[in-house]
Amino acid sequence: MSDLKTRVLEDVKAAMRAGEKDRLSVLRMLSSELKNREVIDAIEVTDAVVTATVEKMVKQRRDSESQFRAGNRPDLADKEAAEIVMLMGYLPQQLTEAEVLTLIDQAMAETGAASGKDIGKVMGWIKPKVAGKTDMGKLSGLIKTKLG
């Protein structure tokens, strides 16, 4: 069993003991999603799978948060924001924008990318290095800006 999955299961137990209903709810959703991946996709849950699952859940919550804010529902938006913070605790340390820009420069140099047509090359080179460490949507935007 992966270290992250073990940590999630232990945190579920700790949240139950402490009576932290909101945290327990988020952790149960995460645990359920991991179990689904294990059973439905018939894969072993590794740290990489946990990280990808958490990234997906964070992205869903960011989308929901922005929609709730646009719909003038700050109560629900705040709930989504709190869930994002809880889930981010299971992701590796996030890269700063400066670090991401440095990696983009390296990717452009190594792949010979020079125009907007080369976005795929840069993304292919950089994606494995930043998985779980940055928002892929923001990364794509930065790459597009760099490549003009």
Side-chain angles (χ1 to χ4, degrees), residues 1-108 110-111 113 119-147:
M1 187 181 309
S2 82
D3 293 337
L4 278 176
K5 183 178 178 189
T6 302
R7 185 173 144 212
V8 169
L9 296 176
E10 291 300 318
D11 288 351
V12 167
K13 292 175 191 173
M16 275 193 277
R17 287 188 203 107
E20 299 171 325
K21 292 180 182 179
D22 292 338
R23 185 166 184 251
L24 179 60
S25 173
V26 172
L27 291 171
R28 281 186 172 159
M29 280 189 278
L30 176 55
S31 177
S32 174
E33 188 66 31
L34 294 174
K35 190 68 169 172
N36 283 341
R37 296 285 308 266
E38 199 170 39
V39 173
I40 294 171
D41 297 344
I43 59 172
E44 181 181 339
V45 176
T46 63
D47 283 350
V49 171
V50 175
T51 300
T53 303
V54 172
E55 284 179 324
K56 176 183 166 191
M57 292 177 75
V58 166
K59 183 180 184 306
Q60 290 170 338
R61 276 150 188 78
R62 282 191 177 128
D63 292 344
S64 297
E65 180 186 10
S66 66
Q67 290 176 2
F68 286 138
R69 293 213 189 279
N72 200 23
R73 292 296 309 265
D75 53 329
L76 295 174
D78 292 343
K79 180 180 181 285
E80 295 293 325
E83 289 182 4
I84 290 169
V85 170
M86 285 183 237
L87 289 168
M88 293 295 284
Y90 295 95
L91 292 176
Q93 179 67 36
Q94 298 295 293
L95 297 173
T96 65
E97 189 168 332
E99 291 171 325
V100 172
L101 290 172
T102 301
L103 283 171
I104 292 171
D105 290 338
Q106 284 180 328
M108 289 171 59
E110 290 204 19
T111 61
I119 291 172
K121 287 181 190 177
V122 174
M123 281 297 283
W125 185 91
I126 203 169
K127 191 173 180 179
K129 292 168 180 46
V130 300
K133 297 178 184 178
T134 193
D135 180 349
M136 290 299 175
K138 288 181 184 177
L139 175 65
S140 177
L142 289 171
I143 292 171
K144 285 177 185 174
T145 302
K146 281 275 203 179
L147 291 175

request  = Kindly indicate, with the supporting measurements, whether the criterion side-chain contact (heavy atoms from CB on, under 4.5 Å) is fulfilled by Lys5 and Thr46.
outcome  = CA-CA 8 Å; Lys5 183 178 178 189; Thr46 63; over 6 Å; no
Between the side chains of [Y] and [X], is the shortest nitrogen-to-carboxylate-oxygen separation below 4.0 Å, so that they form an ion pair?
X: Glu83; Y: Lys79; value: yes
X: Glu80; Y: Arg62; value: no
X: Lys35; Y: Glu38; value: yes

Got a second to check how far [X]'s [atom1] is from [Y]'s [atom2], nearest 0.5 Å?
X: Gln67; Y: Leu76; atom1: CD; atom2: CG; result: 11.5 Å
X: Met123; Y: Ile143; atom1: CE; atom2: CD1; result: 5.0 Å
X: Thr53; Y: Arg37; atom1: OG1; atom2: CZ; result: 4.5 Å
X: Thr134; Y: Leu103; atom1: OG1; atom2: CG; result: 9.5 Å
X: Phe68; Y: Arg61; atom1: CZ; atom2: CZ; result: 10.5 Å
X: Asn36; Y: Asp41; atom1: CG; atom2: CG; result: 8.5 Å

Can you tell me if NZ on Lys133 sees more than 12 non-hydrogen neighbours from other groups inside 6.0 Å? no
(message) Tell me whether Lys127 at atom NZ has more than 12 heavy atoms from other residues, nucleotides or ligands lying less than 6.0 Å away.
(response) no
Would you say [X] and [Y] make side-chain contact, with heavy atoms under 4.5 Å?
X: Ser140; Y: Lys144; value: yes
X: Arg69; Y: Arg73; value: no
X: Glu99; Y: Thr96; value: yes
X: Met88; Y: Gln94; value: yes

### Task
Measure from NZ or CZ of Lys129 to the centre of the six-membered ring of Trp125, then state whether that distance is under 6.0 Å and the direction lies within 45° of the axis.
yes
(request) Would you please test Arg7 and Glu10 for salt bridge (Lys or Arg N to Asp or Glu O under 4.0 Å) and show each step? (result) CA-CA 5 Å; Arg7 185 173 144 212; Glu10 291 300 318; over 6 Å; no
If only atom types and distance count, is the side chain of [X] paired as donor or acceptor with the main-chain N or O of [Y] below 3.5 Å?
X: Glu110; Y: Met108; answer: no
X: Asp135; Y: Gly137; answer: yes
X: Asp47; Y: Asp3; answer: yes

N/O donor-acceptor pairs under 3.5 Å from side chains in residues 19-30, not counting sequence neighbours:
unit_1: Glu20; atom_1: OE1; unit_2: Arg23; atom_2: NH1; d: 3.3

Worksheet entry | Intermediate values then yes/no, side-chain contact (heavy atoms from CB on, under 4.5 Å), Lys59 and Asp63 | CA-CA 6 Å; Lys59 183 180 184 306; Asp63 292 344; 3.5 Å; yes
Sorted by chain and residue number, the salt bridge (charged side-chain N to carboxylate O under 4.0 Å, His left out) partners of Glu33 (sequence neighbours excluded) come out as Lys56
I need the minimum non-hydrogen distance between [X] and [Y], along with the two atoms involved.
X: Val45; Y: Leu34; value: CG2-O, 3.7 Å
X: Glu65; Y: Ala81; value: OE2-CB, 3.5 Å
X: Val100; Y: Leu139; value: CG1-CD1, 3.6 Å

